[in-house]
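Since we're looking at a predicted model, the values are computed, not measured. Chain letters run A, B, ... following the sequence lines, proteins first and then strands; every chain starts at 1.
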Amino acid sequence: MSILKRLFNIGKAETHSAINKLEDPIKMTEQGIRDLKKDLDQALHALAEIKALSIRARNEASTNTNKAQNYEKKAMLILEKAQAGGLDEAEADRLANEALTKKNECLEHVTRAKADKEKFDGNISKMEANIKRLRQQISQYENELKTLKARVKVSSATKNINKQMSQIDSSGTVNMLERMKEKVAQEEALAESYGDIAGESRSLDEEINSALGDSNATSASSDLAALKAKMKAKKSNE
Amino acid sequence: MFNKLFNRKKEDPKPNSRTVRDLDLGYIFEYDLSTWEVKEVYEYDWGHEDFSKEFKINNGEKSYYLSVDEADELEISISSKLKLRKLSVDFDARVDGRFKAPRQIVFENKTYHLEGESPGYFKNAADEDVDENWKEFIAWDYYNDEETHCLTLEQWGENSFEASHGKLIKEFEISNILPRNKG
């Protein structure tokens, strides 16, 4: 493989990688759903057109059925009139024939309109099935998108929490606590050492006083006893 | 320029959320197991920013009027024109020169009670929105005891009256609304 080709491949790979990073799957899915909705809207417009054609065909069939009945009625009235002597028989036959021809024309229109309507209704059924599928697809994608968004939120929040936790452990609090513990231990050790030193450096007088106890405390207790005796004597005198 | 190019808002199509409020000329919908097409659209102005719409609908065999009024709550009715002679109403009754609408009307064994008198203006939506196209009229609305059916008397000009009779329907009864491009 030539160097240039390899370089080109590297460039291609890097470009793809950069584009992949730029792609936001949520936004892309949203756009996809929007496109599908647009397709659905166009399909609905087309369905509306076919339904309108079907209504028109029905209307045409109905109108021509009424017209055909009307022509038949007219033909009968002409013949009745001729029978009653109100019209020349040959002329009556001609007019009745014309009316029946018109009636048949109308019936042909009815047949054609009904066939058209059937054809349109067939198309409507097919289109409705496709539209139903498209609706289901959109609904499914929308639901999946909702789930995807929720998952992204949860994973993003978890990622943030974990990141913070990891930052706390490595850089800050744990180390500080450890250092604090060490410092306290040092302080305690220092205090203990001072205590030992203080114990060793007592004077002879202090040692003697310590052996005799606290004279002030003795005095206070004898004063209390005297006071109690005095109060007792006063009570007995009364 | 780039801002203009990229910040342009795209309108999302809403194919799944069309309601009776969105109905317009040419629209197709299902009602009572039949497919109907909106053939004409009428606008009503009742004053105080109160507007309502009416649609002439056809299913290939029959034509009705679908009225959509959202003054307080959505009221939808399907009605058809009624021959005046079918009503036992004295259209010559006048008080101070004005037609005196009866408090009650009995029609097809149902008693309808007068709900109110509503003067308003009417226009075909296809006509240009200019004063000349708005026609003044007065409507008297009647409902039966159960409020399932309605009857309306309308006075257009001095001595011209129209009547219609129909039933009130629920919004869900109009379904599968399909849009169509006008024209």
Side-chain angles (χ1 to χ4, degrees), chain A residues 22 27 29-66 109-110 113-114 116-118 120-121 123-125 127-143 145, chain B residues 2-3 5-41 53 55-66 68 78 80-81 125-126 172-183:
Chain A
L22 278 174
K27 280 184 182 165
T29 314
E30 280 173 344
Q31 186 55 46
I33 290 171
R34 266 198 295 274
D35 291 345
L36 275 178
K37 279 187 177 175
K38 216 171 164 183
D39 291 346
L40 175 60
D41 214 41
Q42 281 171 357
L44 290 178
H45 273 84
L47 179 62
E49 290 300 332
I50 298 178
K51 282 195 174 187
L53 288 174
S54 173
I55 290 173
R56 249 159 246 173
R58 188 183 180 185
N59 192 17
E60 210 179 316
S62 172
T63 310
N64 280 295
T65 305
N66 289 339
H109 281 306
V110 171
K114 280 185 177 170
D116 283 350
K117 191 180 180 315
E118 257 178 47
F120 293 138
D121 288 349
N123 289 337
I124 288 168
S125 298
M127 278 201 83
E128 278 180 336
N130 288 338
I131 283 170
K132 195 179 167 189
R133 209 162 41 236
L134 200 53
R135 277 189 207 275
Q136 280 172 346
Q137 210 175 5
I138 289 171
S139 167
Q140 188 195 331
Y141 288 169
E142 279 179 332
N143 286 336
L145 182 65
Chain B
F2 280 102
N3 274 348
L5 193 67
F6 291 108
N7 287 345
R8 202 187 302 153
K9 274 190 179 175
K10 274 186 187 173
E11 246 185 66
D12 286 352
K14 292 171 184 167
N16 295 322
S17 54
R18 283 192 181 91
T19 69
V20 72
R21 296 169 187 84
D22 302 309
L23 278 179
D24 210 340
L25 190 67
Y27 275 40
I28 303 284
F29 63 89
E30 307 287 327
Y31 166 70
D32 198 19
L33 300 175
S34 187
T35 308
W36 301 81
E37 182 184 1
V38 176
K39 304 295 277 186
E40 281 183 45
V41 183
K53 272 187 174 182
F55 307 95
K56 187 178 183 182
I57 58 171
N58 176 272
N59 74 343
E61 282 182 356
K62 296 176 208 157
S63 282
Y64 287 126
Y65 293 90
L66 171 72
V68 179
I78 295 264
S80 55
K81 297 273 182 209
F172 69 84
E173 291 180 69
I174 304 280
S175 63
N176 213 357
I177 296 169
L178 300 174
R180 274 174 79 208
N181 298 325
K182 287 182 188 177

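Within 6.0 Å of OH in B:Tyr31 there are more than 12 heavy atoms belonging to other residues, nucleotides or ligands. The number of heavy-atom neighbours closer than 6.0 Å to NZ of B:Lys62, taken from other residues, nucleotides and ligands shown, is 12 or below.
Taking non-hydrogen atoms and a 4.5 Å limit, the residue list of residues 46-53 of chain A in contact with chain B, ordered by number, reads A:Leu47, A:Ala48, A:Glu49, A:Lys51, A:Ala52.
The two residues B:Gly60 and A:Ser62 come nearest to each other via the heavy atoms O-CB, 4.0 Å.
The shortest distance between side-chain heavy atoms of A:Arg58 and B:Ser34 falls below 4.5 Å.
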**Asked** When you look at B:Glu61 and A:Asn59, which way does the side-chain contact (heavy atoms from CB on, under 4.5 Å) test go after all the steps?
**Response** CA-CA 6 Å; B:Glu61 282 182 356; A:Asn59 192 17; over 6 Å; no
**From CA spacing to verdict: side-chain contact (heavy atoms from CB on, under 4.5 Å), B:Ile28, A:Ile55** = CA-CA 10 Å; B:Ile28 303 284; A:Ile55 290 173; 4.1 Å; yes
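For the atom pair B:Arg180 CZ and A:Leu44 CG, the distance stands at 13.5 Å (nearest 0.5 Å).
Both the backbone and the side chain of B:Asn58 come within less than 4.5 Å of a heavy atom of chain A. Heavy-atom distances place the side chain of A:Glu128, and not its backbone, under 4.5 Å from chain B.
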